[in-house]
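Notes to accompany the following structure.
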Amino acid sequence: MNRARIFLTGVGGQGTLTATTLLARTALDAGLPVTSGEIHGMAQRGGVVESTLLIGGYRSARISQGEADVLLGFELLETLRALPMLKRGGHVVSNAEAIQPVGVCLGRECYPPLEAVLETARGFAASVVMVPAISLAEQAGTAKAANIVLLGAAAACGALPFDVAALVRSVEKYLKPKIVPLNLKALELGAQAAAAGQAA
Amino acid sequence: MGKELLTAAAGETLLLLGNEAIVRGTLEGGVRFVTCYPGTPSSEVPDAFFRLSQGAPYYFEYSVNEKVALEVAGGATLAGLPCLVTMKHVGVNVAADPLMTLAYVSAPGGLVLLSADDPGCHSSQNEQDNRLYARLGGLPCFEPATAQECKDMARDALALSRELETPVLLRTTTRINHVRGPVVAGELPRDVAPKPFVKNPARFVPLPASARPMHERLLGVLEVAREKAEASPYNTERGQGAIGFVCSGVARNYLSDVLAEDGLEGTVRVLELGMTYPLPENRIAEFLGKCRTVVIVEELEPVLENEIRALAQKRGISVAIIGKGEHLPRRGEYATTNVRAAVNAVLGRETPAADTLAVPGDLPKRPPNLCAGCPHRAAYYAVREVFGDDAVYSSDIGCYTLGFLPPFRAADFLLCMGSSISAGAGFARASGKPVVAFIGDSTFFHSGITGLIDAVAYNHDILVVILDNRTTAMTGHQPNPGVDTTIFGENPNPVDLQALIRACGIEPVKVNPLNHKATVAALQAFAAQKGPRVLVAEYPCPIHARRVGQAKKTPPARVVGDPETCLAVRDNLACPAFAMEAGVFTINEEQCDGCMYCVQLSAAIKPGKKEAR
């Protein structure tokens, strides 16, 4: 894969923008042309945070509906909400776990089941990989590393134009030394989970 | 992004946000004086200058508002320093008064005004097109479309401004401010000498007699700038054929991607404009002459379109010009989808039907929300308790605009920054209804205080609630004149908010909004009174407090009694830390900030144990 439009979505505070920048640096270090975009502002108050990464020589950093080769969903409901961005034959890599929005917390709205994502994407997406990113991140040391777990999963299942080893190099190069071991563990757990999920 | 902006050597490739690239670009252009009022999508520019300001080769301030920012920098450029002034698009309205005369008076040291426009209203109250300000005020205008161009054009805009001694507009849009891409750094100048100020009132004081020749001089400057635009490397042409596209801003990217993806690159003519005002008329006329049909691709207003239509008429060029219409609307953002439709329409090609997944329309929403522990939530709860739906709520611009949402519904109307007091006063005068105006501390300093003076002068019947969270929270916790602390420590020159209100002629009542009983009592006393009244609800934003290391470590609240008795608190306070687990009300300990407000509202909720934190 030399060209890819990657759409990333999650919830404010999940580190989706950190993950996006890490991917952009990885692509740049791999010698791939890259442009990336992010929309924030009101989003940081617990709202949806969306970002994009376009690799391989695109000029626009915006992704329209039906254009994403890869959808990286850091939260299950946001993955479902963003499915219209996916291109036919694209790949979905998603956190299988929920961060409940306020309406669900207060019992006014119902959180959709995991199957809703799988069923909607079936026959349209080339693959859908689900990993319990928050639980795995906790296993690595902190729930905050769920973003890195998801990157590990995405690289391991071939959804990104570089491999897990390239992400390992980026984590070592660009994250603060103190949190490197934890995030390397998160990458590894994500990669393992994706491999297991694909095999199943 | 840290020190690299100040230290990266020429030739180094940096991965930069568009806004960071603008910082680097103006530094390469020798900027020595930076003022701003923060506002999305411009804020990362001043925030980077602020973070790097200690020991840096420039002066920086978060000005009180955009008008002040432009005036302070207007003085600095007269004193000979290269200046940058940054704001969001609607901020330029606030700065419009000095802006309309600045180009008459001139900018000897150089001055670039960054206007960050927001097509699509991602975080703004309108999507006005500030390219029109370039025309209105007589400012040459650059419109970058990539991170590299943000850097290069910022540098060159400042150089042009210094050369022509005239202010220059750097006009961006949200997608460009927040693009992230590789940027090759250039040289940083070592010494930038101020141009000495030579007294010359006839040049710098626009009395009617001097303003008339000043205007004539400006029109001459713009003709020189037009020649620069004719030769500008940012205006480029490619392709062949009888069909042409003229594009600017982010639309250049969409057109390029569509042509490349659909195999059309090279089969049509493209004129990309990066320096868009004054219009490079010869260059455009030459392009028009080679085409049978030309499509103008620009977001928002038909600015280029109208000017190019006029040019074709003036030069007698026979060419069909397609602009705003079915595929190229006058509102919202563009994308590859609508640009592709426009390209296909003019080429007589079919546009394939969209092949996308549909998802249920009734998915749970995830609206931005006031944070757990936010003092605004407590203030709104108390105001609702006292005034309910009887009062009309005049809102303002900040995090607290989120009080618009249920359960508070504490925003009935809003115009712009600082309008809550004055618009509320007018509403009260005209309707006779009780009006409560909400305004934050930064917005009050920005332009609320003039409304308060008016309310005192004309005895308007309004209760003003100043939601004083000791920072400018919405745009990223920038300092304002009233703050106690910044990331660099104590604010050495705080402006006393309450003394200011007192000086206007009102004795304010100050409460801690997280003290429910005291806040309700103060509001009830105010409800019985007439005339202008001010409640200062003061408590630091918890995010800001954490950032400056002043957060109080308090245990989370816990449901200890019957959860069923907490349901009214759940519904009326709607804190993000509240949750239902298996149908039972509970408080999420991870989310809870420990503000202890809900504890005051229900006997079934108590503070948890200290060690839980």
Side-chain angles (χ1 to χ4, degrees), chain A residues 11-12 20-21 24-25 28 33-48 51 53-54 57-67 75 77-78 80-88 99-112 116-117 120-121 124-125 143, chain B residues 13 15 17 40-41 43 118 122-124 145-147 174-176 178-182 250 252-254 256-257 260-261 333-338 354-360 362-371 399 402 474-476 570-571 574-580 583 585 588 590:
Chain A
V11 177
T20 309
T21 306
R25 290 191 187 287
L28 210 56
V34 65
T35 183
S36 165
E38 46 198 64
I39 286 296
H40 37 76
M42 307 268 299
Q44 64 184 313
R45 307 284 175 263
V48 182
S51 56
L53 187 74
L54 292 92
Y58 290 100
R59 269 182 55 175
S60 156
R62 186 175 181 197
I63 298 177
S64 296
Q65 289 203 346
E67 280 187 344
E75 199 276 343
L77 168 63
E78 297 318 319
L80 179 57
R81 203 190 307 278
L83 278 178
M85 305 308 293
L86 194 68
K87 184 176 171 178
R88 184 175 289 278
I99 296 172
Q100 297 197 341
V102 64
V104 174
C105 284
L106 301 180
R108 286 196 216 104
E109 293 175 301
C110 285
Y111 196 95
V117 175
T120 309
F124 189 91
Chain B
T13 298
L15 182 69
L17 204 59
T40 314
S43 303
D118 192 17
H122 290 284
S123 46
S124 309
T146 63
T174 302
R175 299 275 173 186
I176 302 304
H178 290 164
V179 72
R180 193 183 291 276
V250 72
R252 290 165 51 206
N253 297 343
Y254 302 135
S256 275
D257 282 348
E261 272 195 302
E333 291 189 286
Y334 282 8
T336 48
T337 39
N338 76 294
D355 183 20
T356 55
L357 284 173
V359 297
D362 58 349
L363 292 178
K365 289 171 200 57
R366 201 185 295 275
N369 200 349
L370 296 172
C371 307
C399 282
L402 295 173
M474 187 76 192
T475 48
R570 175 195 72 177
D571 292 342
C575 174
F578 294 169
M580 297 297 284
F585 175 74
N588 182 327
E590 288 294 316

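Chain identifiers are assigned alphabetically (A, B, ...) following the order of the sequence lines, protein sequences preceding nucleic acid strands; residue numbering begins at 1 within each chain.
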Largest heavy-atom contact set with chain A, pairs under 4.5 Å, which of B/Thr337, B/Thr356, B/Asp355: B/Asp355

pair A/Arg62-B/Tyr254: side-chain heavy atoms closer than 4.5 Å: yes

B/Ser256 versus chain A, the contacting section by heavy-atom distance below 4.5 Å: side chain

Winner by heavy-atom pair count (cut-off under 4.5 Å) against chain A, out of B/Gly181, B/Ala260, B/Pro182: B/Pro182

Shortest non-hydrogen contact between A/Pro101 and B/Pro364, atoms and distance: CG-CB, 3.9 Å

Part of A/Phe124 lying under 4.5 Å from any heavy atom of chain B: side chain

Part of B/Asp257 within contact of chain A (heavy atom distance under 4.5 Å): side chain

Any residue meeting salt bridge (Lys or Arg N to Asp or Glu O under 4.0 Å) with B/Arg570, in chain and number order, not counting sequence neighbours: none

Heavy-atom side-chain contact between A/Arg88 and B/Leu357 under 4.5 Å: no

Top contributor to chain B interface from A/Ala121, A/Ser64, A/Ser51 [non-hydrogen pairs under 4.5 Å]: A/Ser64

Intermediate values then yes/no, side chain to side chain contact (heavy atoms under 4.5 Å, CB included), A/Arg59 and B/Arg252: CA-CA 9 Å; A/Arg59 269 182 55 175; B/Arg252 290 165 51 206; 3.5 Å; yes

Residues in side chain to side chain contact (heavy atoms under 4.5 Å, CB included) contact with A/Ala116, at least two apart in sequence or another chain: A/Leu80, A/Pro112, A/Pro113

Part of B/Ala335 within contact of chain A (heavy atom distance under 4.5 Å): both

Per-residue contact mode, B/Glu333 against chain A (heavy atom under 4.5 angstrom): both

Under 4.5 Å from any heavy atom of chain A - which part of B/Thr174: side chain

Criterion side chain to side chain contact (heavy atoms under 4.5 Å, CB included) on B/Val179 and A/Thr35, from CA distance to verdict: CA-CA 7 Å; B/Val179 72; A/Thr35 183; 3.4 Å; yes

Most chain B-contacting option - heavy-atom pairs closer than 4.5 Å, from A/Thr20, A/Leu86, A/Thr21, A/Leu53: A/Thr21

Under 4.5 Å from any heavy atom of chain B - which part of A/Ile99: both

Spatial distance of atom CD (A/Glu38) from atom CZ (B/Arg175) [nearest 0.5 Å]: 11.0 Å

Chain B contacts, top residue of A/Ile63, A/Leu77, A/Val104 (heavy-atom pairs, under 4.5 Å): A/Leu77

